[in-house]
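Have a look at the structure below, then the notes.
Order of the sequence lines sets the chain letters (A, B, ...), proteins ahead of strands, with each chain counted from 1.
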Amino acid sequence: MYRAPRGTADVLPEEQGYWRYIEARARALGQRFGYQRLDTPVFEQTALFVRGVGQGTDIVEKEMYSFLDRGGDSMTLRPEGTAPVCRAYLEHGMHNQPQPVRLYYFSPAFRYERPQAGRFRQHHQFGVEALGDGDPSVDAEIVEMAWRLMEDLGLRDLTLLLNSIGDSECRPAYLEHLRAYYASRVERLCQDCRGRLERSPLRLLDCKQEACQALAQEAPRSIDHLCHPCRDHWEELMKCLRRLDIPFRVEPRLVRGLDYYTRTVFEIQPPEERAQSTLCAGGRYDGLIQELGGPPTPGIGFAAGMERMVSNVKGQGVPVPQEESVRVVIAYLGDEAKGEALSLASQLRSKGIGAVLAPAGKSLRAQMRYANSLGVSYALILGEEEMRSGSALLRDMAKGEQRVVPLQGVAEELAN
RNA sequence: GUGGGCGUGGCCAAGCUAGGUCCAAGGCGCCAGGUUGUGGCCCUGGAGAUCGAGGGUUCAAAUCCCUCCGUCCACCCCA
């Protein structure tokens, strides 16, 4: 038997309520903050991600779904949302629009990973990007959006973690401090971290090993090694957030896995710490657009995981409106009634009333059971008697009462 | 890529530790009947399982062993 590929999942009808709920809130959020929706293709030239996400990152090294198309070009299923947005920004000359350009998107993302709680090979993100304005107030706007989204979803007890990792001016020096610090303590590091020391020293900060954690506590903090512009930016961002009453926690060990981040990075964590729990993560990427061949252009954004939001909305018992079911089931007996039932259903639908026929060839009892299991408000019964008198029985399922109504008036009757 | 848990009808699940009484219990769901044309409760009956797959041990395996696959969780990494 065929199954959904590993790490992918069907979103079944009974789950849809959660997804539509989150999408509706996210869309409203984008609208309120003046963001416009942008959809980009599900695949792009491989080079876009190699360039954008970074040669040495795990995503590029071992997680991309890449393939050669029939023309021999290497294509890759989008592993993240920011690079495509930046590509579209450049391709459509959006740098000629008033800056910043504010965009949001819903899109699937693909990474060849080992699935586990909260991690999939295909997942879905709601993302937001503000391009072309490097002012800290834009950072604050993005962080606020992320926070408000979680509020709007009705999620409680979340933590907003914030950090600044500097830019190309100050980060190299900071990394040297970090390496120096760890170099004298290598023997206390776990195996993995010894390997990481040269390649990506920032990663040592969020290693989960106890010994490494202890070292990370005392490690030099990037916010203490920012250059002046970065420091000013960082200070002002915090000032903005305080002014907005966004309760953030400075987390000097917060780092990001993608190469393009500069200055601001942040995450939103749910109350119960699981392994893959980050609901939302983002940051500034002032070098990215230039890296992709555009003019020097600042940018900042975040992405929130749909599956993780769904799971938290469920887990916290947030009441979510369910999609309305069909209003009417039409039960009928006999061929003549069948024709009438068909046209009646059509009339009802044209008036916006959801209607379905009971399954053909079943006893009335079975048809009524069907109506009941669908949870409809009304059943319309068309039998031989009704056919003779040109009427139908309209049964109120909740009350268990029914009355004869003329066929002509049924649609109007139900419309009220 | 590494480590651990799990894998019995559509779903939940007993049985597996001490192999036979299991041609596999029960519940939900599904189908039919209990009313010549009527739901929800209740009652009766029914369909539906190569016990994840393959191999091995044994007179005998859902139960023991091996391999593989799947799934879940953790590492790695990330939304």
(request) For nucleotides B:A61 and B:C72, find the distance between their C1' atoms and express it as a whole number of Å. (result) 27 Å
(message) Between A:Glu151 and A:Trp147, do the side chains contain a donor N or O and an acceptor N or O under 3.5 Å apart?
(response) yes
(message) Check this for me: does any side-chain nitrogen of one of A:Asp167 and A:Arg171 sit under 4.0 Å from a carboxylate oxygen of the other?
(response) no
(message) Are B:A79 and A:His124 stacked, with the base six-membered ring and the side-chain ring centres under 5.5 Å apart and planes under 30°?
(response) no
(message) Does A:Gln122 reach a base, just sugar-phosphate, or nothing at all? Heavy atoms under 4.0 Å.
(response) nothing
(request) Using heavy atoms to find the nearest nucleotide of RNA chain B for A:Glu386 and A:Met306 separately, return the residue whose nucleotide is more 5′. (result) A:Glu386
(message) Between A:Ser391 and A:Glu386, is there a side-chain donor-acceptor contact under 3.5 Å, judged purely by atom types and distance?
(response) no
(request) Please confirm whether the backbone N or O of A:Cys207 pairs with a side-chain atom of A:Gln213, one donor and one acceptor, at under 3.5 Å? (result) yes
(request) May I ask you to evaluate whether A:Lys62 reaches the phosphate of B:C76, defined as a side-chain N or O under 4.0 Å from OP1 or OP2? (result) no
(message) Between A:Gln116 and B:A74, is there a contact of a side-chain N or O with OP1 or OP2 at under 4.0 Å?
(response) yes
(request) Could you tell me whether A:Glu113 and A:Arg121 make a salt bridge, using a distance below 4.0 angstrom between a side-chain N and a carboxylate O? (result) no
(message) Regarding A:Ala303, tell me which of base, sugar-phosphate or nothing describes its non-hydrogen contacts under 4.0 Å with the strands shown.
(response) sugar-phosphate
(request) Determine whether any donor atom in the side chain of A:Arg111 lies under 3.5 Å from an acceptor atom in the base of B:C78, or the reverse, and answer yes or no. (result) no
(message) Given the structure, check if the side chain of A:Gln402 and the base of B:G39 hold any donor-acceptor pair shorter than 3.5 Å.
(response) no
(request) Take atom P in B:G56 and the same atom in B:A14, then report the distance between them in whole Å. (result) 30 Å
(message) Let me spell it out: for each of A:Glu307 and A:Arg6, pick the nucleotide of RNA chain B with the closest heavy atom. Which residue's pick is nearer the 5' end?
(response) A:Arg6
(request) Using only side-chain N and O atoms of A:Arg114, determine if any of them is under 4.0 Å from OP1 or OP2 of B:A74. (result) no
(message) Using a 3.5 Å distance criterion without hydrogens, assess whether the side chain of A:Gln316 forms a donor-acceptor pair with backbone atoms of A:Arg156.
(response) yes
(request) Would you indicate, yes or no, if B:G39 has its OP1 or OP2 atom less than 4.0 angstrom from a side-chain nitrogen or oxygen of A:Arg365? (result) yes
(message) Whether A:Gln367 contacts B:U38 is assessed here as follows: a side-chain N or O lying under 4.0 Å from the phosphate OP1 or OP2. Is that the case?
(response) no
(message) When both hydrogen-bonding distances must be under 3.5 Å and the geometry is Watson-Crick or G-U wobble, what is B:G40 paired with, if anything?
(response) none
(request) Check every atom of B:G37, B:A79, B:U38 against the side chain of A:Met368 and return the nucleotide holding the closest atom. (result) B:U38
(message) Using a 4.0 Å heavy-atom cut-off, does A:Thr57 contact any base of the nucleic acid, only the sugar-phosphate backbone, or nothing at all?
(response) nothing
(message) Regarding B:G52, can its base be found pairing with the side chain of A:Arg3 as donor and acceptor, where the two atoms are less than 3.5 Å apart?
(response) no
(request) Look through every strand shown and name the nucleotide pairing with B:A14 as Watson-Crick or G-U wobble, where both distances are under 3.5 Å. (result) none
(request) Could you check which of B:A32, B:C78, B:G40 has an atom nearest any side-chain atom of A:Asn372? (result) B:G40
(request) Please confirm whether A:Lys62 makes a cation-pi placement over A:Tyr112, using NZ or CZ under 6.0 Å from the six-membered ring centre and within 45° of the ring normal. (result) no
(message) My understanding is that a pair needs two contacts under 3.5 Å, Watson-Crick or G-U wobble. By that rule, which nucleotide pairs with B:G1?
(response) B:C75
(message) I'd like to know if the side chain of A:Tyr174 and the backbone of A:Pro220 have a donor-acceptor N/O pair within less than 3.5 Å.
(response) yes
(request) Would you indicate which nucleotide in B:U2, B:C77, B:C42 comes nearest to any side-chain atom of A:Arg369? (result) B:C42
(message) Strictly below 4.0 Å: does A:Ser363 bring a side-chain N or O up to OP1 or OP2 of B:G37?
(response) no
(request) Among the candidates B:U38, B:C77, B:C78, find the nucleotide nearest to the side-chain atoms of A:Leu364. (result) B:U38
(message) I'd like to know if the side chain of A:Glu267 and the backbone of A:Leu160 have a donor-acceptor N/O pair within less than 3.5 Å.
(response) no
(message) Does A:Phe302 reach a base, just sugar-phosphate, or nothing at all? Heavy atoms under 4.0 Å.
(response) nothing
(request) Check RNA chain B against residues 394-401 of chain A and give the residues with a non-hydrogen atom under 4.0 Å, in numerical order. (result) A:Arg395, A:Met397, A:Ala398, A:Gly400
(message) Under 4.0 Å, counting only non-hydrogen atoms across every strand here, what does A:Leu393 touch: a base, just sugar-phosphate, or nothing?
(response) base
